[in-house]
Amino acid sequence: MEEKSRGELGSTAGGTGKWRYTARLSPAPSMAKAPQNAISPTREENFPEWYQQVVRASDLAENSEVRGCMVIKPWGYGLWELIQRQLDEWFKATGHKNAYFPLLIPVSYLEKEATHVEGFATECAVVTHHRLELKDGKMVPAGELTEPYVIRPTSETIIGAAFARWVQSYRDLPLLINQWANVMRWEMRPRLFLRTAEFLWQEGHTAHETAEEAMEETTRMHEVYERFLTDHLAVPVIAGEKTEAERFPGALNTFTVEAMVQDRKAIQAGTSHFLGQNFSKAAGIEFEGRESRREFAWTTSWGVSTRLIGTLLMAHSDDDGLVLPPRVAPTQVVILPVTPKPEHEGPVLEACERLAAELGQQRLHGDPVRVEIDRRDLGGGVKNWEWIKKGVPLRLEIGPRDLESGSVALARRDRGPKEKQFLPLAEVVSGIEATLQEIQDGLLARALAFREEHTVEIASMDEFRKFFTPAKADKPEIHGGFALVHWAGSAEDEEALQQELKVTVRCIPKDPALRGGPGTCVLTGKPAEGRVVFAKSY
RNA sequence: CGGGGUGUAGCGCAGGCUGGUAGCGCGCGUCGUUCGGGACGACGAGGUCGCAGGUUCGAAUCCUGUCACCCCGACCA
């Protein structure tokens with residue numbers, strides 16, 4: 001509906017819902033009743049554009065002057081800090097320690113693991129000089145390095161080199177290290193949070209005495225990610241293993257958590273790799289074993305990135321902007337003072353302070369509730385919409401009438417923008433934890449229902465093609481979803497399907513209910529052990 | 001890297017074919033009127049029209065080059 005998207009341009013509907021710039025749209029009485037939303041275009045109209053508009057409207061981040069790189073603004077960084085804090089706590093709880101390794105990696109390090117180089121070579125930024133000189137008014141690189149460095153696209157090689165020094169004996173194992181860092185991958189098509197040239201992430205790297213222990217570690221961290229996405233980001237995921245075609249370069253097994261976002265595509269939200277002895281052989285991570293034999297360590301690596309923010313956004317947000325699950329909302333409750341007349345200001349603000357203090361005493365999962373009072377001298381409506389667009393879970397308003405009645409107006413981000421309840425103050429305070437948790441659970445339930453609605457079991461290639469072929473080739477609408485199919489195809493077969501339909505095997509699900517029993521491969525007709533998840537993906 | 005598109009005030013855009021030194025809406029500032037709501041009025045600030053060359057008396061407008069961004073594709077957390 002074109003009118004709807006135009007609606008934002010004027011955005012000056014009066015209290016009666018009249019549109020001001022009717023000249024352009026010609027008289028259309030029905031327009032007066034068109035629902036207003038803060039983001040244009042809507043998800044339905046143009047999903048990729050909607051995504052960018054939400055990033056902007058919510059003040060999470062902006063494109064920078066550096067190609068493919070973003071400026072993460074305080075609201076976005078606050079979100080990242082909360083993600084970091086929880087994961088970091090769990091990494092520590094599972095025995096890991098943080099460390100930091102160099103940003104620059106000698107090219108020769110990369111060459112050590114053949115598959116690994118192949119995987120990353122095309123997206124490396126290379127540092128070749130160490131000095132600038134002024135020539136004709138321009139600074140030009142001088143002092144060429146004898147060996148170029150790459151800016152880390154990931155740190156397996158340089159951490160491997162350190163591990164080789166640190167590990168002498170089986171007594172030095174397991175070695176459990178995590179690094180919070182930025183990495184750079186020269187992507188061809190950057191998109192804020194989803195695929196930027198520079199991004200923030202966490203990379204765990206561990207070395208173990210036996211394959212079994214390393215595999216246990218891989219699984220353990222895979223489960224940490226699954227739990228984090230589910231319980232904190234309220235994003236349901238399908239946990240499973242990647243097929244050979246989708247594996248991390250150099251890994252023996254790659255495990256993934258795959259989420260479905262609102263355009264029904266899949267997004268890989270976290271990965272955990274069992275690296276076998278590939279990297280320890282390449283880097284020389286050897287130790288003296290219990291039987292006095294030299295052995296190569298078994299290593300793992302695992303990571304999540306700022307892509308989690310993009311995932312979260314696409315999973316929950318609506319046509320009014322971002323919707324944040326309370327557990328990762330930098331501000332969980334915003335208090336908006338309503339001061340119709342200047343003389344209201346004193347008492348109202350005072351009441352807001354008291355309320356903020358009381359709410360700050362309440363806890364959600366052990367953390368004090370994060371409350372903010374928005375004292376800015378701005379129109380109430382404007383202020384309100386700003387917080388809606390930023391996705392704050394709860395908005396509380398206190399005005400003169402509330403002072404008299406001891407009430408508070410409460411509006412939830414998971415309900416309509418105009419819906420609000422007037423509740424007794426004490427009830428709001430004592431019920432805050434339950435309300436926040438209810439929103440958290442509601443978002444998860446809604447996302448799960450959405451995924452289930454768009455997940456189908458498919459038993460024939462006809463159906464399969466139909467499911468993944470948009471009705472209009474020129475303007476592909478939102479369609480498809482997750483297809484559960486029996487699969488026994490090869491990497492070549494996957495490649496062919498990717499060419500034809502732009503779909504890939506997202507994972508071999510570990511959940512027995514999704515995996516199912518033996519069957520017949522939808523493509524080759526060969527016996528298949530179970531089902532896999534096919535989808536288009538980010 | 002291939003195909004398409006766009007770069008004009010913070011944001012969204014008009015103007016460009018038919019060259020004469022910039023305009024609209026929102027936002028922003030001040031004042032006033034409003035006020036449980038994305039208000040209204042008055043006045044006002046803000047742009048070397050992505051950048052660099054060229055053609056011309058004169059370029060946002062024509063030509064060449066270049067950069068950036070967006071969409072589609074190949075690649076990827």
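Lettering of chains follows the sequences in order, A, B, ..., and the numbering in each one begins at 1.
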Nucleotide nearest [X] (side chain, heavy atoms from C-beta), chosen from [options]:
| X | options | answer |
| --- | --- | --- |
| A:Pro48 | B:C70, B:C72, B:G36 | B:C72 |
| A:Arg191 | B:G36, B:C71, B:A74 | B:C71 |
| A:Arg307 | B:G36, B:C76, B:C11 | B:C76 |
| A:Asn63 | B:C69, B:A77, B:G38 | B:C69 |
| A:Lys389 | B:G38, B:G36, B:C71 | B:G38 |
| A:Arg195 | B:C75, B:C71, B:A74 | B:C75 |

At under 4.0 Å between heavy atoms, what does [X] touch on the DNA or RNA strands: base, sugar-phosphate, or nothing?
| X | value |
| --- | --- |
| A:Glu386 | nothing |
| A:Ser272 | nothing |
| A:Glu49 | nothing |
| A:Val338 | base |
| A:Gly399 | base |
| A:Gln498 | sugar-phosphate |
| A:Lys383 | nothing |
| A:Phe120 | nothing |
| A:Tyr225 | nothing |
| A:Gly310 | nothing |
| A:Asp402 | base |

Pairing partner (Watson-Crick or G-U wobble, both distances under 3.5 angstrom) of [N]:
| N | result |
| --- | --- |
| B:G73 | B:C1 |
| B:G16 | none |
| B:U33 | B:A39 |
| B:U55 | none |

What's the gap between [N] and [M] when it is taken at their [atom1] atoms, as a whole Å value?
| N | M | atom1 | result |
| --- | --- | --- | --- |
| B:C49 | B:G23 | C1' | 11 Å |
| B:A52 | B:G7 | C1' | 16 Å |
| B:G5 | B:A14 | P | 16 Å |
| B:U18 | B:C11 | C1' | 32 Å |
| B:C70 | B:U34 | P | 47 Å |
| B:U55 | B:U61 | P | 15 Å |
| B:U66 | B:U48 | P | 26 Å |
| B:C1 | B:A74 | C1' | 8 Å |

Is the A:Phe91 ring parallel, tilted or perpendicular to the A:His96 ring (thresholds 30°, 60°)?
perpendicular
Checking only heavy atoms, does the side chain of A:Arg185 share a donor-acceptor pair with the base of B:C76 at less than 3.5 Å?
no
Verify, without hydrogens or angle tests, whether A:His316 (side chain) and A:Leu322 (backbone) share a donor-acceptor contact under 3.5 angstrom.
no
Round to the nearest Å and state the distance from [X] atom [atom1] to [N] atom [atom2].
| X | N | atom1 | atom2 | result |
| --- | --- | --- | --- | --- |
| A:Met70 | B:C70 | CE | P | 12 Å |
| A:Arg56 | B:C26 | CZ | C1' | 12 Å |
| A:Asn46 | B:G12 | CG | P | 15 Å |
| A:Lys536 | B:A74 | NZ | P | 10 Å |
| A:Glu404 | B:G36 | CD | C1' | 13 Å |
| A:Trp186 | B:C1 | CH2 | P | 11 Å |
| A:Glu187 | B:C69 | CD | C1' | 17 Å |
| A:Glu343 | B:C35 | CD | P | 12 Å |

Under 3.5 Å side-chain donor-acceptor pair for [X] and [Y]:
| X | Y | value |
| --- | --- | --- |
| A:Asn178 | A:Glu203 | no |
| A:Thr256 | A:Glu258 | yes |
| A:Gln179 | A:Asn98 | no |

Would you call A:Trp201 stacked on B:A77, i.e. ring centres under 5.5 Å apart with the planes less than 30° off parallel?
no
If only side-chain N and O atoms of [X] are considered, is one of them under 4.0 Å from the OP1 or OP2 phosphate oxygen of [N]?
| X | N | answer |
| --- | --- | --- |
| A:Lys418 | B:G38 | no |
| A:Gln202 | B:A77 | no |
| A:Asn384 | B:G36 | no |
| A:Arg189 | B:C72 | yes |

For the residue pair A:Lys390 and A:Trp387, would you count it as a cation-pi contact if the rule is NZ or CZ under 6.0 angstrom from the ring centre and within 45 degrees of the ring axis?
yes
Is it the case that A:Arg185 places NZ or CZ above or below the six-membered ring of A:Trp201, under 6.0 angstrom from the centre and within 45 degrees of the axis?
yes
Please figure out whether A:Glu495 or A:Lys420 has its closest RNA chain B nucleotide nearer the 5' end.
A:Lys420
Among A:Asp377, A:Leu336, A:Ile388, find the one that has a side-chain contact (heavy atoms from CB on, under 4.5 Å) with A:Lys383.
A:Leu336
Test applied, side chain to side chain donor-acceptor pair (under 3.5 Å); reference residue, A:Asp263; option that passes from A:Tyr51, A:Trp50, A:Tyr538
A:Tyr538
